[in-house]
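Quick note: residue numbers are just sequence positions, from 1.
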Amino acid sequence: MSVRASARAAGLVVGVVAGIAVVLVSVLIAGMRWKVPPVIDAVRRMNRFLTNPRVMRTAGSAGTQTSVIRHTGRTSGRTYETPVDVIATADGFVIALPYGTRADWVRNVLAAGSATIVSQGESVDVAAPIIAATAEVAGQLPARTLRTLSLFGVTECLHLQRATDGLG
(Lines give C-alpha, C1' and ligand atoms only; values in the text may rest on other atoms or scores of the structure.)
Protein backbone atom coordinates (compact mmCIF):
# COMPACT_ATOMS: atom_id res chain seq x y z
CA MET A 1 0.00 0.00 0.00
CA SER A 2 1.40 3.38 -0.93
CA VAL A 3 1.87 6.26 1.50
CA ARG A 4 -0.91 8.16 -0.22
CA ALA A 5 -3.34 5.22 0.12
CA SER A 6 -2.37 4.80 3.79
CA ALA A 7 -3.02 8.49 4.44
CA ARG A 8 -6.40 8.25 2.73
CA ALA A 9 -7.34 5.17 4.77
CA ALA A 10 -6.27 6.87 7.99
CA GLY A 11 -8.26 9.96 7.04
CA LEU A 12 -11.31 7.83 6.35
CA VAL A 13 -11.03 6.11 9.74
CA VAL A 14 -10.67 9.45 11.53
CA GLY A 15 -13.66 10.81 9.61
CA VAL A 16 -15.83 7.81 10.49
CA VAL A 17 -14.86 7.98 14.17
CA ALA A 18 -15.54 11.73 14.26
CA GLY A 19 -18.88 11.20 12.52
CA ILE A 20 -19.91 8.55 15.03
CA ALA A 21 -18.90 10.85 17.90
CA VAL A 22 -21.00 13.70 16.47
CA VAL A 23 -24.01 11.41 16.09
CA LEU A 24 -23.67 10.07 19.65
CA VAL A 25 -23.37 13.56 21.15
CA SER A 26 -26.36 14.72 19.10
CA VAL A 27 -28.46 11.77 20.28
CA LEU A 28 -27.40 12.44 23.87
CA ILE A 29 -28.30 16.14 23.75
CA ALA A 30 -31.56 15.56 21.88
CA GLY A 31 -32.53 12.64 24.13
CA MET A 32 -31.88 14.59 27.31
CA ARG A 33 -33.54 17.75 25.98
CA TRP A 34 -36.71 15.97 24.87
CA LYS A 35 -36.71 13.59 27.85
CA VAL A 36 -36.52 10.40 25.77
CA PRO A 37 -36.78 7.68 28.44
CA PRO A 38 -34.28 5.20 26.90
CA VAL A 39 -31.66 7.95 26.59
CA ILE A 40 -32.26 9.29 30.10
CA ASP A 41 -32.18 5.78 31.57
CA ALA A 42 -28.96 4.94 29.70
CA VAL A 43 -27.28 8.12 30.96
CA ARG A 44 -28.49 7.45 34.52
CA ARG A 45 -27.15 3.88 34.41
CA MET A 46 -23.82 5.01 33.00
CA ASN A 47 -23.52 7.66 35.70
CA ARG A 48 -24.53 5.29 38.48
CA PHE A 49 -22.05 2.56 37.57
CA LEU A 50 -19.18 4.36 35.82
CA THR A 51 -19.10 8.09 36.49
CA ASN A 52 -20.41 8.38 40.05
CA PRO A 53 -17.94 5.95 41.69
CA ARG A 54 -15.02 7.88 40.17
CA VAL A 55 -16.48 11.29 41.04
CA MET A 56 -17.23 10.21 44.63
CA ARG A 57 -13.50 9.82 45.30
CA THR A 58 -13.17 13.62 45.58
CA ALA A 59 -16.76 14.93 45.66
CA GLY A 60 -17.43 17.28 48.54
CA SER A 61 -13.74 17.98 49.12
CA ALA A 62 -12.27 21.46 49.12
CA GLY A 63 -11.29 22.52 45.60
CA THR A 64 -13.68 20.21 43.75
CA GLN A 65 -16.72 21.28 41.75
CA THR A 66 -18.90 18.31 42.67
CA SER A 67 -20.64 18.14 46.03
CA VAL A 68 -22.34 15.25 47.81
CA ILE A 69 -25.91 15.01 49.01
CA ARG A 70 -26.36 12.62 51.94
CA HIS A 71 -29.91 11.30 52.12
CA THR A 72 -31.93 8.54 53.77
CA GLY A 73 -33.65 5.80 51.78
CA ARG A 74 -37.43 5.97 51.77
CA THR A 75 -37.96 2.33 52.61
CA SER A 76 -34.55 1.04 53.67
CA GLY A 77 -33.72 3.82 56.12
CA ARG A 78 -30.14 3.46 54.91
CA THR A 79 -27.91 6.50 54.36
CA TYR A 80 -26.83 7.11 50.77
CA GLU A 81 -24.41 9.57 49.21
CA THR A 82 -24.90 10.90 45.70
CA PRO A 83 -22.64 13.29 43.80
CA VAL A 84 -24.41 16.47 42.69
CA ASP A 85 -23.53 19.91 41.38
CA VAL A 86 -24.93 22.49 43.77
CA ILE A 87 -25.34 26.22 43.37
CA ALA A 88 -25.15 28.09 46.67
CA THR A 89 -27.91 30.66 47.17
CA ALA A 90 -28.57 33.23 49.88
CA ASP A 91 -30.72 30.79 51.86
CA GLY A 92 -29.39 27.38 50.79
CA PHE A 93 -28.74 25.51 47.58
CA VAL A 94 -30.21 24.80 44.16
CA ILE A 95 -29.54 21.51 42.37
CA ALA A 96 -30.52 21.14 38.72
CA LEU A 97 -32.46 17.96 37.95
CA PRO A 98 -31.44 16.82 34.45
CA TYR A 99 -33.25 13.48 34.94
CA GLY A 100 -36.32 15.13 36.42
CA THR A 101 -37.81 14.18 39.76
CA ARG A 102 -37.71 10.38 39.23
CA ALA A 103 -34.16 9.92 40.53
CA ASP A 104 -34.14 7.93 43.77
CA TRP A 105 -32.06 10.50 45.64
CA VAL A 106 -34.56 13.27 44.79
CA ARG A 107 -37.49 11.14 45.94
CA ASN A 108 -35.59 10.27 49.14
CA VAL A 109 -34.85 13.92 49.96
CA LEU A 110 -38.44 14.97 49.28
CA ALA A 111 -39.82 12.14 51.44
CA ALA A 112 -37.45 12.83 54.35
CA GLY A 113 -37.77 16.60 54.10
CA SER A 114 -34.07 16.99 54.83
CA ALA A 115 -30.56 15.98 53.80
CA THR A 116 -26.95 17.04 54.22
CA ILE A 117 -24.89 18.78 51.54
CA VAL A 118 -21.13 18.25 51.68
CA SER A 119 -19.44 20.94 49.63
CA GLN A 120 -15.89 22.29 49.69
CA GLY A 121 -15.13 20.13 52.75
CA GLU A 122 -18.03 21.48 54.81
CA SER A 123 -21.28 19.74 55.77
CA VAL A 124 -24.50 21.74 55.75
CA ASP A 125 -27.82 20.36 56.94
CA VAL A 126 -30.65 21.32 54.60
CA ALA A 127 -34.41 21.12 54.86
CA ALA A 128 -37.65 22.24 53.20
CA PRO A 129 -36.91 20.70 49.79
CA ILE A 130 -39.12 21.96 47.00
CA ILE A 131 -39.17 21.31 43.29
CA ALA A 132 -38.91 24.62 41.48
CA ALA A 133 -39.10 25.43 37.80
CA THR A 134 -35.68 26.38 36.47
CA ALA A 135 -37.24 29.67 35.34
CA GLU A 136 -38.23 30.42 38.97
CA VAL A 137 -34.66 30.08 40.26
CA ALA A 138 -32.93 31.47 37.16
CA GLY A 139 -31.97 34.67 38.97
CA GLN A 140 -29.90 32.59 41.43
CA LEU A 141 -27.99 30.68 38.74
CA PRO A 142 -24.87 31.73 36.84
CA ALA A 143 -25.48 32.60 33.17
CA ARG A 144 -23.21 29.76 32.00
CA THR A 145 -25.19 27.25 34.07
CA LEU A 146 -28.46 28.57 32.64
CA ARG A 147 -27.17 28.11 29.09
CA THR A 148 -26.18 24.50 29.84
CA LEU A 149 -29.53 23.75 31.50
CA SER A 150 -31.32 25.26 28.52
CA LEU A 151 -29.26 23.19 26.05
CA PHE A 152 -30.22 19.98 27.87
CA GLY A 153 -33.83 21.04 28.47
CA VAL A 154 -33.55 20.97 32.27
CA THR A 155 -36.82 22.47 33.49
CA GLU A 156 -36.73 21.53 37.18
CA CYS A 157 -34.42 22.16 40.11
CA LEU A 158 -34.44 21.14 43.75
CA HIS A 159 -34.25 24.09 46.13
CA LEU A 160 -33.04 23.33 49.66
CA GLN A 161 -32.85 25.77 52.55
CA ARG A 162 -30.13 25.73 55.20
CA ALA A 163 -31.57 23.98 58.25
CA THR A 164 -29.82 26.56 60.45
CA ASP A 165 -32.14 29.23 59.03
CA GLY A 166 -34.68 28.22 61.66
CA LEU A 167 -36.00 25.25 59.71
CA GLY A 168 -34.05 22.49 61.47
Under 4.5 Å between side-chain heavy atoms, hopping through other hydrophobics if needed: is there a path connecting Val86 to Leu97?
yes

Hydrophobic clusters here meaning ILVMFWY residues chained together by side-chain heavy-atom distances under 4.5 Å, can you tell me if Leu151 and Val137 are in one?
yes

Just by modelled atom types, is the Leu141 backbone N or O under 3.5 Å from a matching donor or acceptor in the Thr145 side chain?
no

Within this structure, what is the OG1-CZ distance for the pair Thr64 and Arg57, rounded to the nearest 0.5 Å?
14.0 Å

Go through the steps to decide whether Asp41 and Arg102 satisfy the test salt bridge (Lys or Arg N to Asp or Glu O under 4.0 Å), and finish with yes or no.
CA-CA 11 Å; Asp41 291 342; Arg102 290 182 348 165; 3.0 Å; yes

Note, Pro142 side chain near Ile87 side chain (heavy atom, < 4.5 Å):
yes

Report yes or no: does Gln120 contribute a side-chain atom to a donor-acceptor pair with the main-chain N or O of Gly63 at less than 3.5 Å?
yes

Contacts of Thr72 meeting side chain to side chain donor-acceptor pair (under 3.5 Å) (sequence neighbours excluded), chain-then-number -> none

Residues that Thr58 engages under side chain to side chain donor-acceptor pair (under 3.5 Å), provided they are two or more places apart
none

Write down the atom of Cys157, the atom of Thr134, and the distance for their closest heavy-atom approach.
SG-OG1, 3.6 Å

Please tell me if the side chains of His159 and Glu136 come closer than 4.5 Å, counting only heavy atoms from C-beta onward.
no

Do Leu24 and Met46 share a hydrophobic cluster (ILVMFWY, side-chain heavy atoms under 4.5 Å, transitive)?
no

Ser6 side chain to Ser2 backbone, donor-acceptor under 3.5 Å
yes

Of all residues at least two apart in sequence or in a different chain, which pass the side chain to side chain donor-acceptor pair (under 3.5 Å) check with Asp125?
Thr116

Hey, mind stepping through Phe93 and Arg162 against side chain to side chain contact (heavy atoms under 4.5 Å, CB included) and telling me if it holds?
CA-CA 8 Å; Phe93 300 93; Arg162 295 178 199 281; 3.8 Å; yes

Shortest non-hydrogen contact from Pro83 toward Met56:
CD-SD, 3.5 Å

Grab the two heavy atoms, one from Gly113 and one from Pro129, that are nearest each other, plus how far apart they are.
O-CD, 3.3 Å

Is there a side-chain contact between Lys35 and Tyr99 in this structure, where contact means two heavy atoms from C-beta onward sitting under 4.5 Å apart?
no

Do Leu160 and Ile117 have side chains that get closer than 4.5 Å, going by heavy atoms?
yes

Check the hydrophobic clustering (I, L, V, M, F, W, Y; side-chain heavy atoms under 4.5 Å; chains of links allowed) and say if Ile40 and Val25 are grouped together.
yes

What pairs with Arg44 under side chain to side chain donor-acceptor pair (under 3.5 Å), at least two apart in sequence or on another chain?
none

Report yes or no: is the cationic atom of Arg147 (NZ for Lys, CZ for Arg) closer than 6.0 Å to the six-membered ring centre of Phe152, at no more than 45° off its axis?
no

Between Gly60 and Val68, which heavy-atom pair has the shortest distance, and what is it?
N-CG2, 4.1 Å

Those residues that, when tested against Glu81, pass salt bridge (charged side-chain N to carboxylate O under 4.0 Å, His left out) (two or more places apart)
Arg70

Non-hydrogen atoms of Val154 and Pro98 that approach each other most closely:
CG2-CA, 3.7 Å

Hydrophobic clustering (ILVMFWY, side-chain heavy atoms < 4.5 Å, transitive) - are Ile131 and Leu149 grouped together?
no

Using residues 103-110 as the side-chain source, report each donor-acceptor pair under 3.5 Å to any protein atom, sequence neighbours left out, with the distance given to one decimal.
unit_1: Asn108; atom_1: OD1; unit_2: Arg74; atom_2: N; d: 3.2
unit_1: Asn108; atom_1: OD1; unit_2: Arg74; atom_2: NH1; d: 2.5
unit_1: Asn108; atom_1: ND2; unit_2: His71; atom_2: ND1; d: 3.2
unit_1: Asn108; atom_1: ND2; unit_2: Asp104; atom_2: O; d: 3.4

Here the gap from Ile69 atom CD1 to Ile95 atom CD1, rounded to the nearest 0.5 Å, amounts to 4.0 Å

